[in-house]
Amino acid sequence: MIENTNKLKRLYGKLMTDVADYTEDICPFFIQIGKKYFSAPKRLLFVGKATNGWVTNERDVTKLFDLKNPDRIVNRHDQMEWVHDLEGVNENYNTKKSAFWRVIKNVSLDILGKEDWYNYISWTNLYKIAPWEGGNPGGYLQQLQKEACISILNEEQEAIKPDAVIFLTSGWESFYLESIGLKKSKNRVKSWSGYSSTYQIHKDVLYIQSHHPQGKPEVEHKDGLLKILRKVT
């Protein structure tokens, strides 16, 4: 969990102001941190595109950050344990059937060597606001929130200090990485099964840019990510 969320609360206030003209129901998301993350042998932050149906469609930041509110998005009691809890048992969302979570699980098991791997990782999304009913944010909703999302992702990393940030976002991450000063010319490439992942170290953090796992060869994808992590971290 993040002990001091005051700055993030202010940033989410700006985020909600920025998306005020988007009138459809929204899904606000907040970074999830495993309860043993800060004692992990390697601190891994996995990044997706966006999430739907996450806890609440509330826009009131005071309620979203109220630790007494069971529908808050901040510092929830289950954090990453829900990934394990929903593996094979939930009809609505089964993480065992998700290529995204299978790749994360297998990378984490290998690098961290922990059976309860989900307690040792963190997970966030590029876009903190998505349509409640489903799908990634379209161009309009992306543009509304892009500036605030850059600030939030910066603050998330400041709070949890990852050793590696792994984007499984198929190029969507470019706007963010450019904003923090990464140069494409410095990227190194790891090819796997007709695809590739790129990586570079920036301010002592390893940034990996890779594909969303859906529809990709999972074993080869996992092996490609592992070779980067073993080589660099």
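The basis for the numbers below is simple: all heavy atoms, side chains too, and nothing from hydrogens, waters or symmetry mates.
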Taking [X] for the side chain and [Y] for the main chain, is one N or O donor matched with an acceptor at less than 3.5 Å?
{"X": "R76", "Y": "I73", "result": "no"}
{"X": "S179", "Y": "Y176", "result": "yes"}
{"X": "Q142", "Y": "P137", "result": "yes"}

Open item on the list: Quick check: closest heavy atoms across K183 and Q200, and the distance to 0.1 Å?
Closed with: O-NE2, 2.9 Å
- [ ] Could you tell me which non-hydrogen atom of P217 sits nearest to which non-hydrogen atom of S193, and how far apart they are?
- [x] CG-OG, 3.4 Å
Is the closest basic N to carboxylate O distance between [X] and [Y] below 4.0 Å?
{"X": "K146", "Y": "D18", "value": "no"}
{"X": "E156", "Y": "K161", "value": "no"}
{"X": "K36", "Y": "D116", "value": "yes"}

- [ ] Give, for atom CD1 of I33 and atom CG of N75, the distance between the pair rounded to the nearest 0.5 Å.
- [x] 7.0 Å
- [ ] Nearest 0.5 Å please: distance from the CG atom of N106 over to the CG atom of D223.
- [x] 9.5 Å
Task: ring-ring contact (aromatic ring centres under 6.0 Å, His included): pairs with one or both residues in residues 214-233, sequence neighbours excluded - done: W192-H221
TODO: Pick out which of W82, F30, Y127 makes a ring-ring contact (aromatic ring centres under 6.0 Å, His included) with W54.
DONE: W82
